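Order of the sequence lines fixes the chain letters, A, B, ..., with proteins taken first and strands second; residue numbering starts at 1 for each chain. Since the model is a prediction, treat every value here as computed from it, not as a measurement.
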Amino acid sequence: MSKKVTKIELLVVAVAHTINDGDKVVLGVGAPMLAGALAKALHAPNAVLMMESGMVDFEPLLPPRHVADVMCLKGFPYSTDLFNTFTTITYRGYVDKTILGVGQVDKYGNVNTSFMGGGPTTGMRLTGAGGAPDFMSYAKETILCLKGGKFVEELDYHTSPGYLGGGDERDRSGLFPQGSGPSMLISPDGIFRFDPETKEMYLESVIPGVTVEEVKARVPWDLKTLDPLKEYPVPKKEETDFLRSFAPYASFPNSIMMELAMQHYTQEEQRKAG
Amino acid sequence: MTDNTINKVMTLKEAVSRFVHDGDELVVGNYTVATPFNQIMEVVRQEKKNLTVYTQSGVFDVEMLIAGECVDRIVTTYNIRSGGRGGGSMCERYQTAGKIQVEDYSNFTYNARLTAGALGYSFMPVLPGIMATDVFKVRDFMGESKFGVVECPFTGKDIPVVPAANPDVCIVHVHRADKYGNAQYWGAKGSVAWACLASKNIIVSCEELVDTEIINASPEYTILPSFRVNAVVEESFGAHPAELVGYYNMDQLFYIEMDVANASDTGLRKWMDEWVYPIPDRNTYIERYISKYGLERLKQIKAQTYYSAPVNQGAAFYSNWREDGKSVGLGLTLDEIEKVMEEKGLMIDV
């Protein structure tokens, strides 16, 4: 690798690789949207990107800040609404993949984006369910992005269904399309997959510089690892180049982002005043 | 005068005072974008109390209503959190203090309640996957009536259902409307039309008040017919600092300031002391904005034009009569047609 990369860039590129040309994909806010844009720009130009606000097959000209960003509304073929995105598209089985962020995740890929450290009246309120439970129920495949979230033994609140209690419980429940569920989870540490039989999450690869022990220390259950581990996919130069020009701030945490924006604003004010 | 020919244009102050009442169920009609911040601020200024607020996705709109002590209960799917783990939200602070109650749905199950209400049904089936989650299992103030389960009479399967919602009033911001209330909205449609149509009363604020002819030329953009609307308020930049496609982008710097303020309990209140309470209307709000930040900053977020292609809504003819006075289908004059009626015995004496 001729160029240094950030952990977030590694994460986004690995997520982008899961999108194939022609896939119909529902994207969550943040890293999933960047991955969708990268895939569409480079290796999957005919991927159909969708968001629950009703924008279907949109072109991300800038990194979308939320699911209804005006900057994604320039020239796209199908404008529907939220109700129909969930029914006519999602429930009817037309979503190949959904890529979603994670607050807490358990070993079977069940997800919490609602409350941490307690329930609704006692815990910390995260942003909430949004569209995640329904997308994770009916997309053929779910890819989870854990950027700042946590692995836990037991979720404080079960927002979105993974493999429930593991094994064939998801399929047996009769509530979901057969064979659906999370296929992988990507964190700034590495890539995780789910055992085809037990549906327990295991470690498939780590990013350069991270040890298996470090990963295990962040996982409360006895994490199984692939032996030998796979190589973490190394981003191509064109991928990091794209990402930096498309989303130059992608690797900054919010705090740095805000600090820089405020700094810029103050300088502008001083320039105007001076 | 009928409810489709009454001029409903009024000030926001009058609209909120007439159509938002203490104890109402109030739905914020917009989803993620075009947030009716103008109306939210007016509701706060008029100190409406004991509201049950429905919102598909709560941002600073819901946070302000809570901080303004307007809210008893919230029905939502999503609420902003400021300042990461160390920060919080008004929603969290008030809920953990026992000062408000919150019922959490998912985007679809929330929307389905409004759709049921809009269609006149008493309940709506939802996607069964939700039954495996705490969204279904954990109940707050709605208790048993948050979700139900019915047996499909045709397949015998268990189907989760949600009760219809028919809020007392919807506050919504749109691109344009005529004075009678025909309201047009485009872009990311979200659940905007369902929220409006489910409600008993509707306050529409719009960027531009336009002639009915403009509305009539593109009826596909109309999300509300005049007879459903109670008040029309023209306020440009009504959604600021949220975005409205075709008009303006989100004001990110302004949002960052709000976000920083909202990370603490006192921060948002202080912010509201500057931007909500002393400000009588949107014009004054924008004047204050310009005097504080300069007109340039507002210009930077103004939308470029990207027009939709016109469509031909024309028909071949709009009269049964050709220029020569003969009918289009039969080639006969009215006299000749009346003669036929006589001859065929179709006429009776009266």
Side-chain angles (χ1 to χ4, degrees), chain A residues 51-55 65-75 79-83 86-87 90-91 112 114 116 118-134 136-138 148 155 157-161 164 170 173-176 253-255 258 261-262 265 269 272, chain B residues 31-33 56-57 76-81 84-85 88-89 91-92 95-96 98 102 104-109 111-112 115 126-135 137-138 140 157 186-194 243-246 249-250 252-253 256-257 259-260 293-294 296 303 306:
Chain A
M51 297 198 284
E52 63 236 65
S53 60
M55 297 149 73
R65 294 154 306 176
H66 52 71
V67 297
D69 198 316
V70 292
M71 292 186 284
C72 294
L73 288 169
K74 192 177 180 194
S79 170
T80 183
D81 66 6
L82 191 145
F83 190 85
F86 282 104
T87 49
T90 308
Y91 191 44
N112 173 15
S114 300
M116 264 197 217
T121 54
T122 53
M124 172 191 293
R125 174 174 275 273
L126 310 179
T127 48
D134 297 306
M136 210 166 156
S137 292
Y138 297 104
L155 301 177
Y157 185 98
H158 182 188
T159 314
S160 302
L164 309 180
R170 182 180 168 109
S173 74
L175 300 173
F176 310 97
N254 268 349
S255 52
M258 278 195 193
M262 290 312 278
Y265 168 66
E269 289 297 293
K272 267 188 279 176
Chain B
Y31 170 54
T32 304
V33 289
Q56 183 86 50
S57 198
T76 190
T77 84
Y78 189 96
N79 196 75
I80 195 168
R81 179 176 186 88
R85 299 230 170 126
S89 63
C91 187
E92 176 188 274
Q95 188 182 15
T96 50
V102 186
D104 287 277
Y105 281 94
S106 69
N107 264 341
F108 179 71
T109 52
N111 191 154
T115 305
V126 292
L127 316 185
I130 204 72
M131 291 167 81
T133 72
D134 283 341
V135 176
K137 291 170 191 161
V138 176
D140 197 85
K157 281 189 179 172
W186 55 88
K189 295 198 275 260
S191 52
V192 182
W194 293 122
E243 67 212 70
L244 184 68
V245 70
N249 268 30
M250 177 198 275
Q252 268 182 298
L253 278 171
I256 288 174
E257 284 183 35
D259 201 47
V260 170
Y293 300 114
E296 199 50 38
Y306 176 72

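- Looking only at side-chain heavy atoms (C-beta outward), A:Val70 and B:Leu244 stay at 4.5 Å or farther from each other.
- Note on A:Met136, A:Met55, A:Lys74, A:Met71: by heavy-atom pairs under 4.5 Å with chain B, the leading option is A:Lys74.
- In this structure, A:Asn112 and B:Asp134 have side chains that are not in contact, with every pair of non-hydrogen atoms separated by 4.5 Å or more.
- Two residues are said to be in side-chain contact when any heavy atoms from C-beta on lie closer than 4.5 Å; A:Thr122 and B:Thr96 fail this criterion.
- The side-chain heavy atoms of A:Val67 and B:Tyr31, taken from C-beta on, include a pair separated by under 4.5 Å.
- The distance from the CG atom of A:Leu175 to the NZ atom of B:Lys157 is 9.0 Å, given to the nearest 0.5 Å.
- Contact of the B:Glu243 side chain with the A:Arg65 side chain is registered, since non-hydrogen atoms from C-beta on lie closer than 4.5 Å.
- Counting heavy-atom pairs closer than 4.5 Å to chain A, the top residue among B:Ile80, B:Asp140, B:Val126, B:Asn249 is B:Asn249.
- Highest contact tally toward chain A, considering only B:Thr109, B:Leu253, B:Asn111, is held by B:Asn111 [criterion: heavy-atom pairs under 4.5 Å].
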Evaluation steps, side chain to side chain contact (heavy atoms under 4.5 Å, CB included), between B:Phe108 and A:Thr90:
CA-CA 11 Å; B:Phe108 179 71; A:Thr90 308; over 6 Å; no
Apply the test side chain to side chain contact (heavy atoms under 4.5 Å, CB included) to residues A:Asp134 and B:Asn107: give CA-CA distance (whole Å), side-chain angles for both, the deciding distance (0.1 Å), then the verdict.
CA-CA 8 Å; A:Asp134 297 306; B:Asn107 264 341; 5.5 Å; no
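- Across every non-hydrogen atom of A:Ala68 and B:Ala188, the tightest pair is CB-CB, 3.6 Å.
- In this structure, chain A has no heavy atom under 4.5 Å from any part of B:Ser57.
- Only the side chain of A:Phe176 comes within less than 4.5 Å of a heavy atom of chain B; its backbone N, CA, C and O stay farther away.
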Could you walk me through whether A:Arg125 and B:Val102 pass side chain to side chain contact (heavy atoms under 4.5 Å, CB included), step by step?
CA-CA 11 Å; A:Arg125 174 174 275 273; B:Val102 186; 3.2 Å; yes
Decide yes or no on side chain to side chain contact (heavy atoms under 4.5 Å, CB included) for B:Val33 and A:His66, but give the supporting numbers first.
CA-CA 9 Å; B:Val33 289; A:His66 52 71; 3.4 Å; yes
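- When heavy atoms are compared at a cutoff of 4.5 Å, A:Asp69 approaches chain B by way of both its backbone and its side chain.
- Both the backbone and the side chain of B:Tyr293 come within contact range of chain A, judged by heavy atoms closer than 4.5 Å.
- Smallest separation of non-hydrogen atoms from A:Leu73 and B:Gly187: CD1-CA, 4.0 Å.
- Shortest non-hydrogen contact noted between B:Ala132 and A:Leu164 is CB-CD2, 3.8 Å.
- For the pair A:Pro133 and B:Tyr105, the minimum side-chain heavy-atom distance is 4.5 Å or more.
- Heavy atoms of B:Tyr306 lying under 4.5 Å from chain A belong exclusively to its side chain.
- Neither the backbone nor the side chain of A:Ser114 comes within contact range of chain B; no heavy atoms are under 4.5 Å apart.
- Using a 4.5 Å cut-off between heavy atoms, B:Glu257 contacts chain A through its side chain alone, with no backbone atom that close.
- Under the 3.5 Å distance criterion, the side-chain polar atoms of B:Lys189 are matched with a main-chain donor or acceptor of A:Ser79.
- Each of B:Leu127, B:Thr32, B:Asn79 has some count of heavy-atom pairs under 4.5 Å with chain A, and the biggest count is that of B:Leu127.
- When the side-chain hydrogen bond (donor to acceptor under 3.5 Å, both in side chains) test is applied to A:Ser173, no partner is found at least two apart in sequence or on another chain.
- Put simply, the side chain of B:Trp194 reaches to within 4.5 Å of the side chain of A:Asp81, judged on heavy atoms.
- Taking OG from B:Ser89 and CE from A:Met124, the interatomic distance works out to 10.5 Å, rounded to the nearest 0.5 Å.
- In terms of heavy-atom pairs under 4.5 Å with chain B, the best-connected choice from A:Pro120, A:Gly128, A:Gly118, A:Gly54 is A:Pro120.
- Neither the backbone nor the side chain of B:Ala193 has a heavy atom closer than 4.5 Å to any heavy atom of chain A.
- Considering every non-hydrogen atom in both A:Pro161 and B:Thr133, the closest pair reads CD-CG2, 3.8 Å.
- Only the side chain of A:Met116 comes within contact range of chain B, with heavy atoms under 4.5 Å apart.
- For A:Ser53, the parts lying near chain B are the backbone and the side chain together; criterion is any non-hydrogen pair under 4.5 Å.
- For the side-chain hydrogen bond (donor to acceptor under 3.5 Å, both in side chains) test, no residue two or more places apart in sequence or in another chain qualifies with A:Tyr91.
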